[in-house]
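These values consider heavy atoms only, across backbone and side chains, with no hydrogens, waters or symmetry-generated copies. Every number for a ligand or one of its atoms is a count from 1 in the order of the listing.
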Amino acid sequence: MQKNVSELTREEAQEELAFLAKKIGELDIAYHRDDAPLLTDAEYDALKHRNNDIEALFPDLIREDSPSFRVGSKISDDFKKVTHSIPMLSLGDIFTDEAVYSFVDKIKRFLGMNENDPLEFVAEPKIDGLSFSAVYKNGILFSGATRGDGTTGEDITSNLKTIKQLPISLNRGDSLFDSPVPELIDIRGEVYMSKKDFFELNKNQEEKKQKIFANPRNAAAGSLRQLDSSITANRKLSLFAYACGENSSNQFKTHYEYLQTLKKWGFPVNPEIKICKTTEEMITFFKTIGEKRSSLDYDIDGVVYKVNDLELQRRLGFIARSPRWAIAHKFPAEQATTKLLNIRIQVGRTGALTPVADLEPVNVGGVIVKHATLHNKDEIERKDIRIGDTVVIQRAGDVIPQIVRVIKEKREESSIPYEFPTICPICGSIAKKEGDDAVIYCTGELVCPAQQIEALKHFVSKDALDIEGLGEKNIEMFFELGWIKNALDLFYLEENYALLLMTRDGWGTKSAENLFTAIKEKQKGVSLERFIYALGIRETGSATARLLAKNFISWPNFYEAMTKENAFEVLTHIEGIGPVMADFIIDFFKEEHNKILLEKLAQKITVLDFVAPQQKLTPFTDKNVIFTGTLETMTRAEAKAKALAAGAKVVSSVSSKTNFVIAGEAAGSKLSTAQKLGITILTEKEFNQMLDDL
Ligand code: IVH
């Protein structure tokens, strides 16, 4: 006979909470992963209630792996940022069978293998959801994060805990879950919404007159990124685990073995996954999955091939942001036919006139498409696109739909070619081409409201000043009210319009104050790269802004350099900045109105000096390295990649500036030159040893 909760001693409560955490965890796996419930819903609910009741009496005994976290927790103000200890990378993509062959060939060459040497790959469906990282410490879910920009993501621990397919604890100690659990392991995979749950959610949303989601991916994203995790708990989310970040053990030899262990630990692992021993098998897998695609209950957008052997994965390493050992083989873009109702011209921040196609709504692979991009005037002329035409459109992944071609046979006789405007539809200024660029620009610049408003939106956007509560809608409203015309006006909003704002519909004292606080917060310090990016200089995206910040360190330094005679030489000397970009930057600083605005802005905002992220110093950092002779344990490409990863510059001829010569078998003249110059010479073994010691 079970004791009444109120009669439990502290020890008994503790014991029972431990028992319930384990038991409910197992039931969750049986139900959510295996679709094989071990108890009736009522019996299961009774266990959960008992757990909650005990926790209510002994709140200090609530376990880290408590099943009560499954229901989500209260609203938090914002997601905390988390830095991934190992970056979450993206995948290169390919679209043809030939590309699969060359992917495999390249890997074999890199590894110094022969064309016919066997090499195993694991082929997996590429799930169209959102990637997650879940860190387990001593087998207990410790933290969860989104991918973010790959380096830093958002802390979604409490949201992830509500997904019942994600085990909260791996450390079960019985035969079902008998694989040893590393002290720390970062398990990665994809959160998605099944097609069935997606349709159900939208049906409910419609009944409640709430937001309808365009596709399962958006629904999953909208559900996972909820500050109130109890909303996440009410949405049915699923997941597949398929990758590994940091892992304190090296208990796995192959990726496939890792996946099998994930299953034992309670994670859903995609059942379609297969080992392929030849390239032909990989291509067959792609075709089979393609045929199955519509019958699967989740969206996929291709197949991922991964080298199975983890040691080989390690040797292969990465190119920029993607692994060399894996690739995504994507399905071709989905197409549909519809009618072009109108061509609308949008004017962007830089004054570019962008034509947009308004379409008769059409379903393209499960998504209703109403608009497509037409790029520019030349594109419309080349494809002879006219209003009223029947057109073939296509959508690939997240990309904005495009018009592939016009079905000329269906064109009405009365149809006339589209005439691209020669004046800006917003401000009436002349619109014309600049140089060789295919784009037509409005010459109105600051008199053009479209450009002003886009510049403002850019200034506060996520990668720029990122002012909370100041989204596109509010910028539009303030602009239309005439409260702000340029970035500087933002910092006078409170002074001039506080009362007016507080009394506006939908606003109050609190929301207005929050906005002013957010603005003031940014005035206290904005990083140099964000500030440069925020200015919206043409061709200067985040990466360029960062490059500039890295080279000029402080705002006064950058400003001064840009207004000097030799600015062009200084800029083009920076690796990654070409003459076109340099011209745009210099032109920006030449404009008198920009100069005035910048001076005033710099008084209102503290622009922080650039701080370089700490990079591990190695004996090879910034050193010139050269390889000569035949290497035994690795190919030239692999050796080069290793040296680059350790911070070296790999050069091809020996000079007094060379720091290291790595000499393999039968090294020739380069070795003797190096000896004459007294340059440090390393054997392959010594080179490997130095890298191992890092
Ligand atoms: S492996 C280092 N496997 O695709 C490689 N990714 O374009 C890590 N994705 O951000 C990814 N299904 O969100 C891998 N079976 C699968 C996948 C998969 C979907 C997503 C993932 C990643 C993106 C890369």
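Ranking protein heavy atoms by distance to atom 3 (N) of ligand 1, first place goes to Lys306 NZ, 3.0 Å. Counting protein heavy atoms only, atom 5 (C) of ligand 1 is closest to Leu91 CD2, 3.7 Å. Shortest contact from atom 2 (C) of ligand 1 to any protein heavy atom: Pro323 CG, 3.6 Å. Atom 10 (O) of ligand 1 has as its closest protein heavy atom Ser131 OG, 3.6 Å. Of the protein's non-hydrogen atoms, the one nearest atom 23 (C) of ligand 1 is Lys126 NZ, 4.0 Å. For atom 8 (C) of ligand 1, the nearest protein heavy atom (residue, atom name, distance) is Leu89 O, 4.3 Å. Nearest to atom 12 (N) of ligand 1 among the protein's heavy atoms is Ile127 N, 3.0 Å. Looking from atom 9 (N) of ligand 1 to the surrounding protein, the closest heavy atom is Tyr242 OH, 3.3 Å.
Proximity of Ala328 to ligand 1 is not established, as no heavy-atom distance is less than 4.0 Å. Arg188 does not count as a contact of ligand 1, since none of its heavy atoms falls under 4.0 Å from the ligand. At least one heavy atom of Pro125 sits less than 4.0 Å from an atom of ligand 1.
No side-chain donor-acceptor contact under 3.5 Å links Glu539 and Thr544.
Using the six-membered ring where Trp is involved, Phe252 and Tyr258 have ring planes that are perpendicular, over 60° apart on the 30 and 60° scheme. Aromatic ring orientation, Tyr298 versus Phe240: perpendicular (interplanar angle above 60°, classes split at 30° and 60°).
Between Arg217 and Asp128 a salt bridge is recorded (basic side-chain N to carboxylate O distance below 4.0 Å).
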### Query
Run the salt bridge (charged side-chain N to carboxylate O under 4.0 Å, His left out) check on Lys236 and Glu200 step by step: do they pass?
CA-CA 10 Å; Lys236 292 199 177 115; Glu200 212 155 275; 3.8 Å; yes

### Message
Before you tell me yes or no, could you show the steps for Lys287 and Asp97 under salt bridge (charged side-chain N to carboxylate O under 4.0 Å, His left out), namely the whole-Å CA-CA distance, both residues' side-chain angles and the distance that decides it to 0.1 Å?
### Response
CA-CA 10 Å; Lys287 301 230 157 86; Asp97 294 356; 3.3 Å; yes

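Taking all atoms of both residues into account, the shortest heavy-atom contact from Ser248 to Glu183 is OG-N, 3.2 Å.
At a 3.5 angstrom cut-off on N or O pairs, Glu124 counts as close to ligand 1. Residue-to-ligand polar distances keep Ala243 apart from ligand 1: every N/O pair is separated by 3.5 Å or more.
Taking the centre of each ring, Phe267 and Phe132 stay at or above the 6.0 Å mark. Between Phe121 and Phe285, the ring center distance fails the sub-6.0 Å criterion.
Of the candidates Glu190, Lys330, Arg147, Glu190 brings a heavy atom nearest to atom 20 (C) of ligand 1.
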